[in-house]
Participant: 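Below are the structure tokens for one structure; questions will follow.
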Amino acid sequence: MPARKVKDQIISKLLLKPGIRPRIDAHCVQCIYDEQATGSYKQQVWGCSVNQCVFHPVRLRPRGIPLEDIAREAL
């Protein structure tokens, strides 16, 4: 399966969900996710270094990241 199709499938699956959260997640996957790079799409989005992005403070985070770490990063 071509790598591009996998990325498109992740985005399509996210956009099937209701609400704003899946749309933010889909935007971040479209922007930063690279199938050839190490880590899942959640890990790659969490590691995003584009802190000028309006979605950076609310980007997707992998399970297991404590909310305290998120609050600390925002400071």
Side-chain angles (χ1 to χ4, degrees):
M1 180 178 292
R4 183 70 200 164
K5 190 169 184 182
V6 172
K7 184 174 184 176
D8 288 342
Q9 287 176 340
I10 292 169
I11 293 168
S12 296
K13 186 177 177 183
L14 287 168
L15 292 175
L16 289 174
K17 299 177 182 180
I20 190 75
R21 172 87 257 163
R23 278 134 187 87
I24 293 170
D25 297 346
H27 168 82
C28 292
V29 169
Q30 177 65 39
C31 179
I32 197 77
Y33 181 56
D34 178 5
E35 297 89 350
Q36 305 302 318
T38 309
S40 68
Y41 73 92
K42 290 180 181 181
Q43 291 170 331
Q44 289 184 28
V45 169
W46 179 248
C48 177
S49 61
V50 184
N51 55 11
Q52 289 82 19
C53 175
V54 69
F55 297 127
H56 192 265
V58 295
R59 69 195 184 279
L60 185 64
R61 67 182 172 96
R63 288 192 174 133
I65 301 291
L67 292 176
E68 296 81 30
D69 289 353
I70 296 170
R72 191 174 312 118
E73 182 181 305
L75 297 176

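Note that these values count all heavy atoms, side chains included, but never hydrogens, waters or copies made by symmetry.
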Participant: Please name the pair of heavy atoms, one in Cys53 and one in Pro57, separated by the smallest distance, quoted to 0.1 Å.
Facilitator: O-CD, 4.0 Å

Participant: Contact between His27 and Gln30 at the side-chain level, heavy atoms closer than 4.5 Å - yes or no?
Facilitator: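 The answer is no; the side chains never approach within 4.5 Å.
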
Participant: Hey, what do you get for CD (Glu35) to CD (Gln44), rounding to the nearest 0.5 Å?
Facilitator: 8.0 Å

Participant: Going only through I, L, V, M, F, W and Y residues with side-chain contacts under 4.5 Å, is there a path from Val45 to Leu15?
Facilitator: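 Linked, Val45 and Leu15 end up in one cluster.
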
Participant: Who clusters with Leu16? Use side-chain heavy atoms, under 4.5 angstrom, across I, L, V, M, F, W and Y, and order the result by chain and number.
Facilitator: none

Participant: Using 0.5 Å steps for rounding, measure from the SG atom of Cys28 to the NZ atom of Lys42.
Facilitator: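 That separation rounds to 13.0 Å.
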
Participant: Quick one: list whatever passes side-chain contact (heavy atoms from CB on, under 4.5 Å) with Ile10, sequence neighbours left out.
Facilitator: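 Counting only residues at least two positions away or on another chain, Ile10 forms a side-chain contact (heavy atoms from CB on, under 4.5 Å) with Val6, Leu14, Val29, Tyr33, Tyr41.
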
Participant: Are the side chains of Ile32 and Cys48 in contact, using a 4.5 Å heavy-atom criterion?
Facilitator: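 Contact flag for Cys48/Ile32 side chains = yes.
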
Participant: Which pairs pass salt bridge (charged side-chain N to carboxylate O under 4.0 Å, His left out) with one or both residues in residues 12-29, sequence neighbours excluded?
Facilitator: Arg21-Asp25

